[in-house]
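Structure, as structure tokens:
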Number of protein chains: 2
Amino acid sequence: MAYLDRTSETIGQQRVTGRAVREVAKTPTARVQRHEQHHVIFYEGDQAERIFELQDGIVMLYKLLPDGRRQVVEILNRGMIFGTAGGERYDCSAETLTPVRLAVHDRREVDASAVLQSHVAKCLMSQMERLHEHAMLLGRKSAMERVASYLIRMVPNRGGEGCTGPLSETCDPHDLVLTMTRQEIADYLGLTIETVSRVISELKRRGVIRLERQDRIHVTRVCGLCQLTGIH
Amino acid sequence: MAYLDRTSETIGQQRVTGRAVREVAKTPTARVQRHEQHHVIFYEGDQAERIFELQDGIVMLYKLLPDGRRQVVEILNRGMIFGTAGGERYDCSAETLTPVRLAVHDRREVDASAVLQSHVAKCLMSQMERLHEHAMLLGRKSAMERVASYLIRMVPNRGGEGCTGPLSETCDPHDLVLTMTRQEIADYLGLTIETVSRVISELKRRGVIRLERQDRIHVTRVCGLCQLTGIH
DNA sequence: CGAATAATTGAGGCCTATCAAACCGCGTGG
DNA sequence: CCACGCGGTTTGATAGGCCTCAATTATTCG
């Protein structure tokens, strides 16, 4: 998976991977922001003046079409970077899915600091892999495979290449909590809310999962779920 | 669009955007590679030891599922970076669509060089925007919108936000050459080869395009095409 | 406890995939 | 020169998966 070996170093701490870099950034002490759940951090089209590092919580990035269709393009968790922009403006909106804590950097500050740029590069490489994986999901997977892939991602040590299949010990049942509504999941997976719901019901019917509550899922057969993702 | 303001600086030239960075990379003179059309530069799963910058030509990155389904995740052109990896191995394969010239860097070389990292970060930010755009295409657009979006990308100054619509002067007819086969286009757009073909035929029928040859398209009505992309 | 919101379920239709066949351009060789 | 074969493309018929619209049920919260 994408976020395996990213050490959870924060920008503020100024740790550097690889060879030491003599140049030290001027004002590396990032401002810290906190936001409640369902708070929009910035909108698509806003002037891209800041770059954010997610210290805690979950953030989603999404894009809209003029007619209202929405695509959630990234789900970010601890340690990931967002607010990077190729041009002048943000290409997507950023909204919190949980309460979050952010490290905020001015864009110019990042441009000027080799340490920050290095850190950003590292993070972006990992995030790019997740985007590739997600392109595969959106372009080539069935609804069942998409939902299974989505769920398995929340089971630690599962869903990746290293997933050794049924022989592994990690096939135990597992509980997980959904931080996204059906609508948000649908917009992430390129499906409709109804299809997501139907697939979840089908998974229940097959005995792969059990719903404790709408947002609490007990995965009875982790391996069964894994085999539905299309990657085995 | 993603690749508007990327200056076409190459890594080897050692130019730095933003504030000057005192630290100079040790061996910034990249090795140069050339490859023919349809040559695989690396495979998904290979040890990720090198990072590439595309100096000339076109490269595609793709992922495969065990059952053979393929998703082309990126189409790269001049100035773009690939071969970046979050982990030990490449998450996708890289194949040339035309003859190409590459600047090749050892991964450790990049890790050690602030200048290179900075350059990589810049490029990745732009490429990430393209991936977001593509996620929208794959998740939310119809076949017609996908093909129209694909074609309009090859018309300079079109398809982006700044596309001012029919009032603009740039509505002239335009010729373009496809570097991808129908199969590659289909795998990029998350469609089948038949659907791509049918949509192209439909565009012919509507008088939006004309096929000079299978890989040469004359866009009769650029604005008409633009309006079919879903972004207007 | 009841209203508002979110999720599920059902019926039907559309869009795209699938399977199959025809077509086209092009190089080869009789 | 033209038949031939080959790979890629187009077109057709059909089926199926997911979307749409609508109604019902569950959940949340005042």
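Heavy-atom basis, side chains included; hydrogens, waters and symmetry copies ignored. Within every chain, numbering begins at 1; the chains are lettered A, B, ... in the order of the sequence lines, protein sequences first and strands thereafter.
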Whole angstrom value for the distance that separates [atom2] of [N] from [atom1] of [X]:
X: B:D215; N: D:dG8; atom1: CG; atom2: P; result: 13 Å
X: A:R205; N: C:dT8; atom1: CZ; atom2: P; result: 11 Å
X: A:R213; N: D:dT28; atom1: CZ; atom2: C1'; result: 10 Å
X: A:I193; N: D:dT20; atom1: CD1; atom2: P; result: 12 Å
X: B:L211; N: C:dC23; atom1: CG; atom2: C1'; result: 15 Å
X: B:R182; N: D:dT9; atom1: CZ; atom2: P; result: 6 Å
X: A:D187; N: C:dA7; atom1: CG; atom2: P; result: 12 Å
X: B:M180; N: D:dT9; atom1: CE; atom2: P; result: 11 Å

query: Is any side-chain heavy atom of A:H218 less than 4.5 Å from a side-chain heavy atom of A:R216?
result: no

- request: Please determine, by modelled atom types, if A:Y62 and A:E95 share a side-chain donor-acceptor pair under 3.5 angstrom.
  value: yes

- prompt: Can you find a side-chain donor-acceptor pair between B:Q71 and A:H132 that sits under 3.5 Å?
  reply: no

Short N-O contact, [X] and [Y], less than 4.0 angstrom:
X: A:E145; Y: B:R69; answer: yes
X: A:E202; Y: A:R205; answer: yes
X: B:E212; Y: B:R210; answer: yes

message: Is it the case that the side chain of A:R31 and the backbone of A:V104 share a donor-acceptor pair, with hydrogens and angles ignored and the cut-off at 3.5 Å?
response: no

message: Any side-chain to backbone donor/acceptor pair from A:R101 onto A:Q33? Under 3.5 Å, distance only.
response: no

- prompt: C:dA17 phosphate, OP1 or OP2: any side-chain N/O from B:T195 under 4.0 angstrom?
  reply: yes

task: Compare side-chain N and O positions of A:S201 against OP1 and OP2 of C:dT9 and report whether any pair is under 4.0 Å apart.
output: yes

- prompt: Quick one: are the ring centres of B:Y188 and B:H134 less than 6.0 Å apart?
  reply: yes

- request: Scan B:I200 against the nucleic acid and name what it touches under 4.0 Å (heavy atoms): base, sugar-phosphate only, or nothing.
  value: nothing

message: Need one value for B:S197: base, sugar-phosphate or nothing, where a base atom within 4.0 Å counts as base even if backbone is also close, heavy atoms only.
response: base

Between the protein and nucleotides 10-12 of chain C, which nitrogen or oxygen pairs come in under 3.5 angstrom?
from: C:dG10; atom 1: N7; to: A:R198; atom 2: NH1; distance (Å): 2.8
from: C:dG10; atom 1: O6; to: A:R198; atom 2: NH2; distance (Å): 3.1

Distances under 3.5 Å only, N/O to N/O: pair up the protein atoms with those of nucleotides 14-16 of chain D.
none

- request: Kindly determine whether A:K63 and A:S93 satisfy side chain to side chain donor-acceptor pair (under 3.5 Å), including the steps that lead there.
  value: CA-CA 6 Å; A:K63 287 172 73 71; A:S93 305; over 6 Å; no

statement: Per the under-4.0 Å heavy-atom filter, residues of residues 137-151 of chain A near DNA chain C come out as none

- prompt: Between A:L191 and A:V147, which heavy-atom pair has the shortest distance, and what is it?
  reply: CD1-CG2, 4.3 Å

task: Identify the residue among A:H39, A:H38, A:Q37 that makes a side chain to side chain donor-acceptor pair (under 3.5 Å) with A:H35.
output: A:H39

message: Pick the closest DNA chain D nucleotide for A:Q214 and for A:T192 by heavy atoms, then say which residue is nearer the 5' end.
response: A:T192

